[in-house]
Structures are given as C-alpha cells and as structure tokens.
There are 2 protein chains.
Amino acid sequence: MVQIPKKEPARRSVPTSADVARLAGVSRATVSYVLNNTSAVRISEPTRRRVHAAARELGYVPHAAARSLRAGHSRMVLMPTSETPLGPLLSQFFNELQWALSRLDYTVVQYASLGMTGEDAARAWAELRPVAVLSPDASALGPRGVEVLKRSGAKAVFTLGPQRVEGAHALLMDGRRVGEAAALHLLARGRRRIGAIVPEEPGLEIFSEPRVEGLRKALRAVRITGASLTEVPLAYDEASAARLAARWRSLGLDGVFAYNDEYAMLLLRALQDEGVAVPDETAVVGSDDLMLGRLLRPRLSTVRIELPSGRGLAELVDRVVRDPGTEPEVHDVLGADVVHRESS
Amino acid sequence: MVQIPKKEPARRSVPTSADVARLAGVSRATVSYVLNNTSAVRISEPTRRRVHAAARELGYVPHAAARSLRAGHSRMVLMPTSETPLGPLLSQFFNELQWALSRLDYTVVQYASLGMTGEDAARAWAELRPVAVLSPDASALGPRGVEVLKRSGAKAVFTLGPQRVEGAHALLMDGRRVGEAAALHLLARGRRRIGAIVPEEPGLEIFSEPRVEGLRKALRAVRITGASLTEVPLAYDEASAARLAARWRSLGLDGVFAYNDEYAMLLLRALQDEGVAVPDETAVVGSDDLMLGRLLRPRLSTVRIELPSGRGLAELVDRVVRDPGTEPEVHDVLGADVVHRESS
DNA sequence: TTGAAAGCGGTACCAA
DNA sequence: TTGGTACCGCTTTCAA
C-alpha cells in the first residue's frame, strides 16, 4: 500500500464545464456535446478524447441543479418518508418500487419532511420541482397539497396508502380487505364473539382503523345473529399483554384478529401463560404472514397481504408522467387471503 | 424581438418570482427581499403585503435548484439507501438521525443508487452537490468515491457502518463487539465448542462477518484450551433450519451465537423440534434484543446493541460541515452487552 | 426604499 | 465540426 502525500491544495474549488473546456482547449458548448453524446452534433474523435481526458483529470461532475434549471424539468421522483416505520412488507414494496423507477431512469429521492403537515410539507416538496410525487400519507397531503404540487410542475401525484385524496392518483391499499378476510375466516371456523386488537402505539391508526372497519363490515354483511365485534386496545409490551390476558375470559371472546403477526405473537404468548387454550377457547389470527408466525406453537394463522409488483407501479407512474392529462385513477392494489394454520 | 402578450390564466405554467413581481407591481429583487425577510434591506409594509398577497395568489413556491445554484451551496444531506433492508434497530437510528438533522435545518434526502457501486454511485450523488453525505456502506464507496464527493463540494463525508474508508469520517459500528460479547458470555457459561450462525442471504455478510470475527477474536484472547469456533451457514427458512437441526448433534456444539434474534428463533424452534435441549445441550444467544425473543420459551438470551443518539450525531455532522478542515475521525459508537435470559 | 443587472452551471440554437 | 451566446430562476451588489 503506497502512502500518497497530501500536497495538493486542499481548497480547490469545484470544477465546472468551463474548467473542462479551458483545459481541453474547446468551448463549453463542445464540452456539453461530448459529455452528453448529443446525437444532433458530430464532434471529431480527437476532440472527444481531449474533452473526456480533461473531464477525468479534473474529476468533473455535472451540476444536476444547473442542468434541470436549464432543461426546465427533472426526472426526480419524490417519495416523502412516512413518520411511522413500515413493516417488512411495505419496505420491501417500496424498495422494489424504487428499483423499478431507477430502471426507468428516474432519480428516486426520499425526503424527510418531519413535523410539517399538509400544505407546508407539499410546499417543501414542491421546492425541489419533482416530476412525480409518491406520498404514502394521503391524509397529511390533502387536496390543497396536491394542488400545490401540480402548480409547481409535478406531472404525477400518487398516494400509496389506505387513504386517497382528491386530485391525486391513488394506489389504494385498502386495509379493510385484511379485516374482512380475517372476519370471514373466523366466522367460517364457527367463531361469533370476535375481538379486534387495536395497537396503542401512535401512528398505527392509519393501518389499524381500516382493518377494524373491515371486520365490522364483514360481520354486518353476513347477518349471523350473535356475531359481535369488540375492540381491544393493546400496547406492544409484555406487561400490557399480561394485563389483557388476565381479564381475557371476562371479555368472552372466542376469536380475535390481532392486528398483525407481532401483536398476535405477543397476545398468544400471554394467553398461553394465562392458560387460555388457543385455538380451543379463542382462535387467534394475525396478519402479514411473517416467518415468525410459522415458528409458534400452535402455528399462527395469518392474513397474507399481496401487494402489486413495483415494476408495474413504476410503469404506471411513468405513463402518467408522459401523459399528465389522464384523470386521476384509483387502483385497488391490496389483496388479502387467509393462511390457515393451527391457531384458528 | 416581438413581445408576445402573455395570457395570464391560460398558460398554467409554474409561477416564478418574476410573475409575483409583475402581479405585485414591484421588481424581482423586492420579491426576493420580502420573501426571504432580508434583514439588510428594509421594505415598506404596504409593499410587503402586496408581495405576499401576490405570492399567495399565484401559489408561488421558490425553486430550490435555482436558489442553491445562485448561492453556490445547499443544505442538503444525502443518505444513500442501502440495498439490504435494515432491521428495526438501524431504521430507528436513521429515523432519529434524519429528524435531528432537519431540526438543524438540513434537507435530508435518501437517494436510491441501485446497481451502481463505488465511484459511479459517488458521481451520481455528487451531481446533487450535497453539503454532506452519510453513507451506510463504506465498502461500496471507497477512497476514490470519497475523493469524488469532496471534489464536488461535499464538506462532510461520513460512513455509518461496520467498515470505514480513508478520507471519510466514520461512525464505526463495529460488529465485532457483538460477537465478542456473545463469545465471552458463552465461555462464562462454560461453553467451549461454539458455533456461529452465518446467514446465507446475500448482503448480510457486511453484518455477519464482523460478528464472527469478534467471536473468533474473543476465543483466541481467552486462550482456553479446547475452545473452538465453527461457522454454520443457515438460510432464513424452515427447511434450511430443519436440515441443520437434523445434523446438529454431529457438529458437537455446546453453544451457538445465532447472528440475530430472528435467526436465533428459527434455529431454536428447529432444535426443539429435533429434541435438542436448549440450553442444556446447546446454549443459544441471539442479538438485537427484539421483543420476540422475550416471548420464546426458553426466553432468548441476546446481545443488546446500543447506538448513539441521532441528535448527537447530527450535531457532529453539523460541526464538520461548519469546519470542513477537521481531519477525518473515527467514532466508535456501537455498544454491546449481553442480556442473559434462559436460552444460555 | 426600490430597481437594474450580473452571474451561478449547463444546454441548445444559430452562425461561422 | 465548433464557438458564441441567450437563457433557466434566483440572489445580491450597486445605483438611483
């Protein structure tokens, strides 16, 4: 390993295309032509080489802001990061989406707009002049926020959550599907007095409320006499679970949808410690089909959630960007079906 | 040049400060003064109001690229997203960091540079001219990448992972600590023939290798005769775990560090199904102190990892940005201690 | 108190 | 095949 002494002047300023031009002995226009491989203009091979060499020597990197300022548009897709950390399912989905978008030559950028809401956040995003915005949180955006973004040049505004908002395309991930699937399964297993675990952690209402609503809707729809729904708050810690388990029998529930597999595991353990038989006394159904659920005894029944491929969605975004005239559409993208194992 | 009359409402183009100036009947300079509250210049109250009203009416949002182009610098902190999804521990840490940075008035942006590596990625990042770059993946960056970023004007380049790289500040999260803690604990519990689960999933080597190295180092250091380390590959699925469990006794291990709590849970279940007694025959230690580990029976012993507060790190970044002259420092930020429960 | 104008770094049109 | 140059939107002297 060779130690290279640092004798270069540290405060060298950032090289621009003018510096490259000067070093190569050509004009800035030529530099631009060469580095962008402009097909409308033919540059001689020797010149090309000189320009490339100069650029490399200076470590020249074009300035994205200057470029998009001149171009009047960018290929930046902005994805505001949600404040609540997402589970493995959604992170996987967003990862895939990001990857697919960058395959389509978009620059995907996640932007942390913490603390602000609605129009304020939208304005902050709009300052970056993204060509498209994919917002996981529709409710925080609002119709006015959508308007701000469009006014600032965004060709496509999508919301990606359980909510939708006027003016924006929606990838509706309808959590009610999850609740419905769970309810129908529990009913089919002969359960009637159904509980719905509701996480006490703030920020999770966005997910839990639609699921509960789905349960309620399904119970109403089947019109089975004696079927009932009870919302049961639970914090994600052992003490809370133990307290709930201690009064479990007083609730008189014979089936419970536990919000997701993690809460289900917490509840299952607490119930077992309390001597409540699962599934005999109470059937337990989780959601998300995590690996951990398969490892429990009894194995955890769960609602498997299907999300669309990131590739398909990326193409949809691309289509809307190319043809911004299209009316906002709602795409119903969440599939839910029950994986029946041993806990129900 | 013929002045083309501009139909006001017809063209829904993005409003600029010139539009605001025209509507308010002032110059662009005045608009800038008013909207930025420039203290060096005093603008009369009536003018202020007219400008604000005009801006609001047009839905004017300043153009961040134009602004930072003119200013010659930005307050953007770039955090390349790692390709491998991070666990709850790290996501929490990054969230906190983001929040703290935006409190310090930085614009935090996560950039997906998928597929590229090293200098290519660095060049892509450099195009955005961030004032600071916080890269979770030091190995992909490389010294040349750091150089590219600095040349493009980045005042601070940090790496945030188990690796470090020349020229960049490092928040060294030394996974060897985790392995060491686990090894010392297992040795203290009288275990000698230690196994190290190595996930087969690609991308996890960055985390697993240092942990194994830590185990090895600790075993060497104590110089207990008969102490040995065996690397045991395991994929994150039941079949792989079952296969491993079936040949477990042939490995002759009396203790195992299972990489993290999830792999530990997978292994634990497979061992139990195979009739291997835990901890009597084999002690199992996980890592990350997830809730799920507490719910297992036996309760899972685990290595609790401590990461610094995002706030402190944000201040460190801010300090380096303000004084870019400081020599790159290595901050050792990962603490590891064992939470002894029942599986060891 | 306000305005005219230069210029940040690129791109692309028009000439040479 | 190349160069000159206007301009993208904004900030900031310098004058008025």
Side-chain angles (χ1 to χ4, degrees), chain A residues 13-51 54-55 58-76 126-129 131 151-153, chain B residues 1-4 11 13-51 54-55 58-75 126-129 131 151-153:
Chain A
S13 68
V14 183
T16 72
S17 76
D19 297 318
V20 177
R22 207 170 305 130
L23 183 59
V26 299
S27 72
R28 296 194 310 148
T30 304
V31 170
S32 176
Y33 294 144
V34 170
L35 296 183
N36 296 312
N37 258 316
T38 309
S39 53
V41 183
R42 302 187 54 74
I43 303 287
S44 72
E45 200 48 45
T47 306
R48 301 187 86 82
R49 268 200 290 274
R50 287 219 313 285
V51 170
L58 293 176
Y60 168 72
V61 175
H63 193 307
R67 181 188 307 217
S68 69
L69 180 60
R70 170 62 225 228
H73 59 87
S74 75
R75 306 236 344 134
M76 184 198 299
E127 289 193 2
L128 301 181
R129 297 290 191 273
V131 69
R151 267 251 206 296
S152 79
Chain B
M1 188 179 291
V2 183
Q3 190 71 19
I4 298 172
R11 252 294 186 247
S13 72
V14 184
T16 72
S17 75
D19 297 319
V20 176
R22 209 170 304 130
L23 183 58
V26 298
S27 73
R28 289 160 57 214
T30 304
V31 170
S32 177
Y33 294 144
V34 171
L35 296 184
N36 294 314
N37 260 315
T38 309
S39 52
V41 185
R42 304 184 55 77
I43 303 287
S44 70
E45 201 48 45
T47 306
R48 300 187 87 82
R49 267 199 289 275
R50 287 220 312 287
V51 169
L58 293 176
Y60 170 71
V61 175
H63 194 307
R67 174 180 298 182
S68 69
L69 180 59
R70 169 63 224 237
H73 58 87
S74 76
R75 305 235 346 134
E127 290 194 1
L128 301 181
R129 295 291 192 273
V131 68
R151 268 248 210 300
S152 79

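For the numbers below, each heavy atom of this structure counts, side chains included, while hydrogens, waters and symmetry mates do not. Proteins get letters first, then strands, A, B, ... in listed order; numbering begins at 1 in each.
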Peer 1: Tell me which nucleotide among C:dT2, C:dG9, C:dA5 gets nearest to the side chain of A:Thr16.
Peer 2: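 Of the candidates, C:dG9 comes closest.
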Peer 1: Quick one, A:Leu35 and A:Tyr60 - any side-chain contact, counting heavy atoms below 4.5 Å?
Peer 2: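 Answer yes - side chains close enough.
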Peer 1: Considering only heavy atoms from C-beta outward, does the side chain of A:Asn37 approach that of A:Arg48 to under 4.5 Å?
Peer 2: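 Result yes, sub-4.5 Å side-chain heavy-atom pair found.
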Peer 1: When you check the phosphate oxygens OP1 and OP2 of D:dC10, does a side-chain N or O of B:Ser17 lie under 4.0 Å from one of them?
Peer 2: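 Yes, such a contact exists.
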Peer 1: Return the value, rounded to whole Å, for the distance between atom CZ of B:Arg67 and atom P of D:dC8.
Peer 2: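 Distance, rounded to whole Å: 19 Å.
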Peer 1: Expressed in angstrom and rounded to an integer, what is the separation of A:Leu35 atom CG from C:dG10 atom C1'?
Peer 2: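 Going from A:Leu35 (CG) to C:dG10 (C1'), I get 11 Å.
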Peer 1: Which is more 5' along DNA chain C, the nucleotide nearest B:Ala66 or the one nearest B:Ile43? Just name the residue.
Peer 2: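 The residue mapped nearer the 5' terminus is B:Ile43.
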Peer 1: Is the phosphate of D:dG4 approached by A:Ser27 (side-chain N or O, under 4.0 Å from OP1 or OP2)?
Peer 2: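 A:Ser27 to D:dG4 OP1/OP2: no side-chain N or O under 4.0 Å.
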Peer 1: Quick one, B:Val20 and B:Thr16 - any side-chain contact, counting heavy atoms below 4.5 Å?
Peer 2: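 No. Closest side-chain heavy atoms not under 4.5 Å.
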Peer 1: Over how many whole Å does the gap from A:Tyr33 atom OH to D:dG4 atom P extend?
Peer 2: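 It works out to 12 Å between those atoms.
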Peer 1: Could you check A:Arg28 against A:Val41 and say which one's nearest nucleotide on DNA chain D is further toward the 5' end?
Peer 2: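 Taking each residue's closest nucleotide, the earlier one in sequence belongs to A:Val41.
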Peer 1: Is B:Arg129 close enough to C:dG10 that one of its side-chain N or O atoms is under 4.0 Å from OP1 or OP2 there?
Peer 2: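 Checking C:dG10 against B:Arg129, a side-chain N or O does come within under 4.0 Å of OP1 or OP2.
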Peer 1: If each of A:Arg70 and A:Thr47 is mapped to the nucleotide of DNA chain D with the nearest heavy atom, which maps nearer the 5' terminus, i.e. the 5' end?
Peer 2: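 The 5'-side residue here is A:Thr47.
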Peer 1: Taking the side chain as everything from C-beta on, heavy atoms only, tell me whether A:Arg129 gets closer than 4.5 Å to A:Met76.
Peer 2: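 Side-chain contact under 4.5 Å: no.
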Peer 1: Of all heavy-atom pairs between B:Arg151 and A:Pro15, which one has the smallest distance, and what is that distance?
Peer 2: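 Where B:Arg151 meets A:Pro15 most closely, the heavy atoms are O-CD, 3.8 Å.
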Peer 1: Output the rounded distance in Å from CZ (A:Arg75) to P (C:dT11).
Peer 2: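 Result: 16 Å.
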Peer 1: Distance check needed: D:dT1 P versus A:Asn37 CG, whole Å only.
Peer 2: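 The distance from CG of A:Asn37 to P of D:dT1 comes to 14 Å, rounded to the nearest Å.
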Peer 1: B:Ser44 has a side chain; which of D:dT12, C:dG9, C:dT1 sits nearest to it?
Peer 2: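 The answer is C:dT1.
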Peer 1: Separation of A:His63 atom NE2 from D:dC8 atom C1', in whole Å?
Peer 2: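 Answer to the nearest Å: 13 Å.
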Peer 1: Tell me what A:Val61 touches on the nucleic acid: a base, only sugar-phosphate, or nothing, going by heavy atoms under 4.0 Å.
Peer 2: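 Contact class for A:Val61: sugar-phosphate only.
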Peer 1: Quickly work out the B:Leu69 CG to C:dC8 C1' distance and round it to whole Å.
Peer 2: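 Distance, rounded to whole Å: 4 Å.
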Peer 1: Given atom CZ of A:Arg22 and atom P of C:dG10, what is their separation to the nearest angstrom?
Peer 2: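 Atom-to-atom, A:Arg22 to C:dG10, this comes out as 12 Å.
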Peer 1: So what does B:Ala71 touch, heavy atoms closer than 4.0 Å: a base, only the sugar-phosphate, or nothing?
Peer 2: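 Nothing, no heavy atom under 4.0 Å.
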